Amino acid sequence: METVAPSAVIVAIDGPSGTGKSSTSKAVAAKLGLRYLDTGAQYRAITWWMITNGVDTDDPQAVALAAGKPAIVSGTDPHAPTITVDGVDAAAPIRTREVTAKVSAVSAVPEVRTLITALQRSIAAEETGGIVVEGRDIGTTVLPDADLKVFLTASAEARAARRSGELRGQEAAGLAATREALIKRDAADSGRKTSPLAKAADAVEVDTTELTLDQVIECIVTLVEEKRAVRS
Ligand SMILES: Nc1ncnc2c1ncn2[C@@H]1O[C@H](COP(=O)(O)OP(=O)(O)O)[C@@H](O)[C@H]1O
Ligand SMILES: Nc1ccn([C@@H]2O[C@H](COP(=O)(O)OP(=O)(O)O)[C@@H](O)[C@H]2O)c(=O)n1
């Protein structure tokens, strides 16, 4: 039987775009000596592969047929997370507007979710020292037995402001356009049939609208430490 460190915890952090999942999860993992997995990056990676290989992302059958072809590898160091597709560094190309616009259609295809979910579970099982996994369906579907589940929320205005702040200088993406795009993506992610974006019944909901990033990190670190105290 695998030896699991007493401090090892599995933390699931879910929520819509721009609520602070990635920044919070990375910082919490770094502070607590846990590994970190960005599951959105994996869905972006498979979407990028579909685009570069000429697969029509609006054709679920074509996406399903091709889903097993790319080899997606995630590095779980919270200080330097990595993602490769067929051995190629995909960290930058998976963040383009084209990938962002197409990822919800690709991630809604059941065959894609089956493959990526299995990959996520195997990574979480390998990291016996504990891991923070962030996404949309981690608490509900991927790791329903996680030690701690957090569901982050924030107003659409706050999320759009955060996102357009990131884009400043790159392109003239107005606040209204950013808000529209993220509301559209959240609706697609929440409305799909297979493991939609949803809060698990036993998740702790944290509204980050009025909180600084440091406050959110502190809040989740405290929740993890409480869980660890109960287990030891
Ligand atoms: N509580 C917060 N207050 C202000 N800005 C935040 C907060 N949390 C995250 N951010 C910023 O918002 C942007 C989106 O955060 P990110 O962690 O990528 O969200 P998500 O992973 O949920 O899409 C980043 O630029 C991040 O620095
Ligand atoms: N566990 C997950 C994580 C992401 N996703 C999909 O992947 C997309 C990109 O996720 P992301 O976390 O990179 O998105 P951002 O909120 O960071 O922009 C989401 O819009 C979902 O369509 C998913 O379906 N399930």
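In each ligand, atom 1 is the first atom listed, and ligand 1 is the first ligand listed. Computed from a predicted model, the values in this text were never measured in an experiment.
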For Tyr36, the option from Lys26, Glu134, Glu127 that meets side chain to side chain donor-acceptor pair (under 3.5 Å): Glu134
Heavy-atom check, side chain of Arg185 versus side chain of Val103, under 4.5 Å: yes
Closest protein heavy atom (residue, atom, distance) for atom 10 (O) of ligand 2: Gly40 CA, 3.5 Å
Per atom 3 (N) of ligand 1, closest listed option by heavy atom (Asp207, Leu211, Val216, Leu152): Leu211
Identity and separation of the nearest protein heavy atom to atom 5 (N) of ligand 2: Tyr43 CD1, 3.5 Å
Option nearest atom 8 (N) of ligand 1 (shortest heavy-atom distance, choices Asp214, Thr212, Leu213): Leu213
Residue part near ligand 2, for Arg192, under 4.0 Å between non-hydrogen atoms: side chain
Distance filter under 4.0 Å to Lys21 heavy atoms, resulting ligand 1 atoms: 17 (O), 19 (O), 20 (P), 21 (O), 22 (O), 23 (O)
Short N-O contact, Glu98 and Lys102, less than 4.0 angstrom: yes
Option nearest atom 25 (N) of ligand 2 (shortest heavy-atom distance, choices Lys21, Arg113, Arg159, Lys102): Arg113
Short side-chain to backbone donor-acceptor contact, Arg97 and Thr100, under 3.5 Å: no
Residue-ligand contact Ser22/ligand 2, heavy atom below 4.0 Å: no
Ligand 2 versus Arg44: contacting region, heavy-atom distance under 4.0 Å: side chain
Shortest protein heavy-atom distance from atom 24 (C) of ligand 1, along with the residue and atom involved: Glu166 OE2, 3.0 Å
Heavy-atom donor-acceptor pair, Thr24 side chain to Lys21 backbone, under 3.5 Å: no
Test of proximity, Thr39 against ligand 2: N or O pairs below 3.5 Å: yes
Shortest protein contact, atom 17 (O) of ligand 1 (heavy atom only): Ser23 OG, 2.3 Å
Enumerated ligand 2 atoms positioned under 4.0 Å from heavy atoms of Gly135: 1 (N), 3 (C)
Heavy-atom nearest neighbour of atom 21 (O) of ligand 1 within options Ala154, Ser17, Ser22: Ser22
Contact with ligand 2 for Arg163, non-hydrogen, under 4.0 angstrom: yes
From the candidates Val103, Val112, Asp137, the one that places a heavy atom nearest atom 1 (N) of ligand 2: Asp137
Donor-acceptor pair, side chain of Arg35 and main chain of Ala29, under 3.5 angstrom: no
Polar contact flag, side-chain donor to acceptor under 3.5 angstrom, Thr178-Arg163: no
Pro16: numbered ligand 1 atoms lying under 4.0 Å from its heavy atoms: 22 (O)
Ligand 2 contact on Arg185 by region, counting heavy-atom pairs under 4.0 Å: side chain
Asp86 (side chain) donor-acceptor with Ala71 (main chain) under 3.5 angstrom: yes
Protein heavy-atom partner closest to atom 12 (O) of ligand 1 - residue, atom, separation in Å: Arg162 CB, 3.2 Å
Donor-acceptor pair, side chain of Thr47 and main chain of Val99, under 3.5 angstrom: no
Gly18 heavy atom under 4.0 Å from ligand 1: yes
Ligand-residue contact atoms, ligand 1 with Gly20, heavy atoms, under 4.0 Å: 8 (N), 9 (C), 15 (O), 16 (P), 17 (O), 19 (O), 20 (P), 22 (O)
Side-chain donor/acceptor of Ser104 to backbone N/O of Asp189, under 3.5 Å: no
Donor-acceptor contact below 3.5 Å, side chain Arg44 vs main chain Arg95: no
Any donor-acceptor N/O pair, Lys199 side chain to Phe151 backbone, under 3.5 Å: no
Contact check, side chains of Leu211 and Val206, non-hydrogen atoms, under 4.5 Å: yes
Heavy-atom nearest neighbour in the protein, as seen from atom 19 (C) of ligand 2, with distance rounded to 0.1 Å: Asp189 OD2, 3.3 Å
Atom 2 (C) of ligand 2: the protein heavy-atom neighbour that sits closest, reported with distance to 0.1 Å: Arg136 N, 3.4 Å
Minimum non-hydrogen distance to atom 6 (C) of ligand 2, winning option of Ser107, Ser17, Ser195, Ala45: Ser107
Atom 23 (O) of ligand 1: the protein heavy-atom neighbour that sits closest, reported with distance to 0.1 Å: Arg163 NH2, 2.4 Å
Side-chain donor or acceptor of Arg162 paired with backbone N/O of Gly18 under 3.5 Å: yes
Salt-bridge contact Asp147-Lys227 (side-chain N to carboxylate O under 4.0 Å): no
